[in-house]
Amino acid sequence: MPFSKLNRDIHRWGSILIAIPLAVIVVTGVLLQLKKESAWIQPTAQEGSSRELSISFDRILSATRGVPEAGVKGWDDIDRVDVRPGKGMLKVRCSNRWEVQLDAKTGDVLQVAYRRSDLIESIHDGSFFHDRVKLWVFLPVALVLSILWLTGIYLFFLPYYAKWRQRWNKTRGVHRDAASSPTVKE
């Protein structure tokens, strides 16, 4: 089987094979690129009253408990605390994907919003479905996509190379013919 036909077959069938997972990766990738532009994806960071960080962990927990959407009863319900000293605030990310932004000095609640970016990221890398899906579907999709990229480059440049080779052979043939023909002296 000629290499160019094999290349086209790999390109064609590889594209079909990875179409759905690649669509998921592309769509979620676009959403993640826009997360700072859309409060629907990731809540906009608010400004605190001061750059001073004087809030205690007890105050963080009690302020977050006071937010019904957060559903926080204890530290087990909090996924992480993201401190932003430059904005004078901190983000408390709850296990149920709600985010509570607190003033870093007073502990007042600045904003409560649902955070979709972490969910979108887990769909993007495949871990949302299962860790095995991440390794046995999304990783092979990345590898097949790399092969498609290489075969696509080959398929793109193949006609240009063929035309160049044809012109080069014609030019060599003309010079070879001129060199081998006897010269007539007068």
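As the structure is a computational prediction, the values presented were derived from the model and not from experiment.
Grouping the Ile, Leu, Val, Met, Phe, Trp and Tyr side chains by contacts below 4.5 angstrom, directly or via other members, places V100 with F57. With hydrophobic clusters built from ILVMFWY side chains whose heavy atoms lie under 4.5 angstrom apart, I10 does not share a cluster with V141. Hydrophobic clustering of Ile, Leu, Val, Met, Phe, Trp and Tyr side chains at less than 4.5 Å, counting indirect connections, keeps V144 apart from W136. Follow the hydrophobic side-chain contacts under 4.5 Å out from L143 and you never reach V133; the two are in separate clusters. The same ILVMFWY cluster, assembled from side-chain heavy atoms under 4.5 Å apart, contains both V112 and V81.
A salt bridge links D9 to R12: at least one charged side-chain nitrogen sits closer than 4.0 Å to a carboxylate oxygen. Classification of R97 and D118 as a salt-bridged pair fails, no side-chain N sitting under 4.0 Å from a carboxylate O.
To the nearest 0.5 angstrom, K36 atom NZ is 8.0 Å from S117 atom OG. With rounding to the nearest 0.5 Å, the separation of CG in L110 from NZ in K87 is 11.0 Å. In this structure, CG on L135 lies 10.0 Å from CG on D125, to the nearest 0.5 angstrom. Distance CE/M89 to OG/S49: 12.0 Å, rounded to 0.5 Å.
No side-chain heavy atom of D108 sits less than 4.5 Å from a side-chain heavy atom of L102.
Y114 pairs by the ring pair (Phe, Tyr, Trp, His ring centres under 6.0 Å) definition with W98, not counting sequence neighbours. Under the rule for a side-chain hydrogen bond (donor to acceptor under 3.5 Å, both in side chains), R65 has no partner lying at least two apart in sequence or in another chain. Residues meeting the ring pair (Phe, Tyr, Trp, His ring centres under 6.0 Å) test with F128, sequence neighbours left out: none.
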Audit row: D82, R80, salt bridge (charged side-chain N to carboxylate O under 4.0 Å, His left out) steps and yes/no: CA-CA 6 Å; D82 182 8; R80 70 187 76 158; over 6 Å; no
Worked verdict on L90 versus L53 for side-chain contact (heavy atoms from CB on, under 4.5 Å): CA-CA 9 Å; L90 49 93; L53 181 64; 4.2 Å; yes
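Using modelled atom types, no side-chain atom of T106 and backbone atom of D103 make a donor-acceptor pair closer than 3.5 Å. Remark: side-chain polar atoms of Q101 are paired, donor with acceptor, to backbone N or O of Q46 under 3.5 angstrom. Under the 3.5 Å distance criterion, the side-chain polar atoms of R115 are left unmatched by any main-chain donor or acceptor of Q42. Judged by distance alone, the side chain of S54 and the main-chain N or O of K105 form a donor-acceptor pair under 3.5 Å. In this structure, S146 contributes its side chain and A142 its backbone to a donor-acceptor pair below 3.5 Å.
Closest heavy-atom contact between R51 and G88: NH1-N, 3.9 Å. Across every non-hydrogen atom of G107 and A63, the tightest pair is O-CB, 3.6 Å.
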Sequence neighbours excluded and cut-off under 3.5 Å, please list the side-chain donor-acceptor pairs for residues 17-35, or say none.
from: T28; atom 1: OG1; to: V24; atom 2: O; distance (Å): 2.7
from: T28; atom 1: OG1; to: I25; atom 2: O; distance (Å): 3.2
from: T28; atom 1: OG1; to: H124; atom 2: ND1; distance (Å): 2.8

For residues 68-79, please give each side-chain donor-acceptor pair under 3.5 Å, one per line with the distance, not counting sequence neighbours.
from: D77; atom 1: OD2; to: K73; atom 2: N; distance (Å): 2.7
from: D77; atom 1: OD2; to: G74; atom 2: N; distance (Å): 3.3

Listed pairs under 3.5 Å, donor-acceptor, residues 149-164 side chains, sequence neighbours left out:
from: T151; atom 1: OG1; to: H11; atom 2: ND1; distance (Å): 2.6
from: T151; atom 1: OG1; to: I147; atom 2: O; distance (Å): 3.2
from: T151; atom 1: OG1; to: L148; atom 2: O; distance (Å): 3.1
from: Y161; atom 1: OH; to: R165; atom 2: NH1; distance (Å): 3.3

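Heavy-atom neighbours of R132 CZ from other residues, nucleotides or ligands within 6.0 Å: at or below the threshold of 12.
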